[in-house]
Amino acid sequence: MKSGKIKTIKAREILDSRGNPTVEADLVTDRGLFTASVPSGASVGKYEAVELRDGGERYRGKGVLTAVGNINKIVTPKLKGKNVVNQKEIDDFLIKLDGTKNKSRLGANAILAVSLACCRAGAAAKGIPLYKHIRQISDSKSKTFTLPSPSFNVINGGVHAGNDLDFQEFMIVPQAKTFSGSFQMATEIYHELKIIVRQRYSKAAVNLGDEGGFAPPISIPESALGLILKAAEKIGYENKINIVLDVAASQFFKVRYKTNFGIFSSENLSDYYMGLIKKYPIIAIEDPFSEDDLEGWKGFSSKLKAQNSKLLVVGDDLLATNAERMKMALGQNACNAAIIKLNQVGTVTEAIEAAKLAKSFGRSDSEESSDSMSCMFQA
């Protein structure tokens, strides 16, 4: 095995899929060049680690040259000679080098670019695929590898689209026996959905939102759900898909929840969700309430528990891939599933620890309980 010692790191500013600047880093060891770029969300929770932006007029204030400079001038000289195989050691060093609770000095985007590049280089130094390296540094006790169940974002709203649909994402989860089968089913539904949207509204209605889903001129969530189920039914996939909603409720919370289809208190919105899950095959709702509306989360979870519902109440903005936020949510019985996003926390190690923590909730020493917190991963 060749050495995994860092020779140099060089960062640059690139544009992401939305045309916004983000950080990319090249890391060189004697195994070669390893590149990693940092994802960035359109809706950012207040509890996430700080994504360092330049401000000013350039790129509407979203430039990342400061974060890039922090890598090139501060991080690179400190990391030269360190072994990329030691992911936790490197990540802990980066956290200490930053010295703030929310990574606001160097920027979580600067730190994550380096952490991700080190992870790729670490796998190469061991001569194994990246997923096996991640498993090893996670200390996973599982003896099998399992592909996650894929979900597909087919209708966009909220800050991801220019329509009047307040809920941010409508995702389908095909119930095929294999990953490839689910992928095929989703693709066929997506193309049928395009035909239905065009026929029902107009050619312009099949324009896409930020994440590739359609953004038809609708405002009521039931309209989006009806379109999806109609597309599935027309090609013989009725009763073969489930649905996940990403409400991103923090985006329309101003004391009350103000949407284009009504104004809701936390309790009223909770009742509205209960009606949706009775009518549609919804298996998960992400961020159903504002990140600061803890009473809303608790009340909804209590209603579900009273009805023995297996719905996943997913924390994204609420949890921010943050261990302390996850412990708080568990203690308050606020949610039972977590989104894991590396850019929310800033290092590979912290994301792994957050996922392990979520999975440990409700688990005995020897096995995982059905009450443990589920994990959902997003790039």
Arg135 NZ/CZ over Phe145 ring centroid, <6.0 Å and within 45° of normal
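Yes, Arg135 lies over the aromatic ring of Phe145.
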Can you confirm whether the side chains of [X] and [Y] place a donor and an acceptor under 3.5 Å from each other?
X	Y	answer
Ser180	Thr178	yes
Glu51	Asn109	no
Glu350	Thr347	yes
Asp293	Ser266	yes

Is any side-chain heavy atom of [Y] closer than 4.5 Å to one of [X]?
X	Y	answer
Phe170	Leu225	yes
Thr144	Thr146	yes
Phe289	Glu295	no
Lys46	Glu291	yes
Val84	Leu27	yes
Val64	Arg53	yes
Met274	Leu304	yes
Phe214	Asn156	no

NZ/NE/NH1/NH2 to OD/OE distance under 4.0 Å, [X] and [Y]:
X	Y	result
Lys356	Glu353	no
Glu48	Lys103	no
Lys258	Asp166	no
Asp210	Arg18	yes

Who are the salt bridge (charged side-chain N to carboxylate O under 4.0 Å, His left out) partners of Lys303, not counting sequence neighbours?
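So Lys303 forms a salt bridge (charged side-chain N to carboxylate O under 4.0 Å, His left out) with Asp271.
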Please report the C-alpha distance between Glu13 and Arg58 in whole Å, then the side-chain angles of each, then the deciding distance to 0.1 Å, and finally whether the salt bridge (Lys or Arg N to Asp or Glu O under 4.0 Å) criterion is met.
CA-CA 13 Å; Glu13 181 182 72; Arg58 182 176 173 274; 2.4 Å; yes
Can you name the nearest heavy-atom pair linking [X] to [Y], along with the distance?
X	Y	value
Ala110	Leu106	CB-O, 3.3 Å
Arg325	Leu319	CB-O, 3.3 Å
Asn260	Ser219	CB-CB, 4.0 Å
Ile71	Ala113	CD1-CB, 4.2 Å
Val313	Pro288	CG1-CG, 4.0 Å
Phe34	Ala121	CD1-CB, 3.5 Å

Are there more than 12 heavy atoms of other residues, nucleotides or ligands under 6.0 Å from atom [atom1] of [X]?
X	atom1	value
Arg120	CZ	no
Glu238	CD	yes
Lys194	NZ	no

Taking the six-membered ring for Trp, are the ring centroids of Tyr272 and Phe261 within less than 6.0 Å of each other?
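Centroid distance Tyr272-Phe261: below 6.0 Å, so yes.
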If you round to the nearest 0.5 Å, how far is [atom2] of [Y] from [atom1] of [X]?
X	Y	atom1	atom2	value
Gln87	Asp92	CD	CG	10.0 Å
Ile243	Ile282	CD1	CD1	6.0 Å
Ile339	Asp246	CD1	CG	7.5 Å

Could you point out which residue of Cys119, Ser115, Cys118 forms a side chain to side chain contact (heavy atoms under 4.5 Å, CB included) with Ile90?
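Going through the options one by one, the only one that passes is Cys118.
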Worked check of side-chain hydrogen bond (donor to acceptor under 3.5 Å, both in side chains) between Asp16 and Ser40:
CA-CA 8 Å; Asp16 66 17; Ser40 176; 4.8 Å; no
In terms of relative ring orientation, are Phe167 and Tyr273 parallel, tilted or perpendicular, with 30° and 60° separating the classes?
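Tilted: the ring planes of Phe167 and Tyr273 meet at 30° to 60°.
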For residues 59-74, which residue pairs qualify under side chain to side chain donor-acceptor pair (under 3.5 Å), counting only residues two or more places apart or in two chains?
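Applying side chain to side chain donor-acceptor pair (under 3.5 Å) to every pair that reaches into residues 59-74, excluding sequence neighbours, yields Asp54-Thr66.
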Picking from Asp317, Asp292, Thr321, what satisfies side-chain hydrogen bond (donor to acceptor under 3.5 Å, both in side chains) with Tyr47?
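Among Asp317, Asp292, Thr321, the one meeting side-chain hydrogen bond (donor to acceptor under 3.5 Å, both in side chains) with Tyr47 is Asp292.
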Go through Ser149 and Gln175 one step at a time and tell me if the side-chain hydrogen bond (donor to acceptor under 3.5 Å, both in side chains) criterion holds.
CA-CA 9 Å; Ser149 298; Gln175 300 301 292; over 6 Å; no
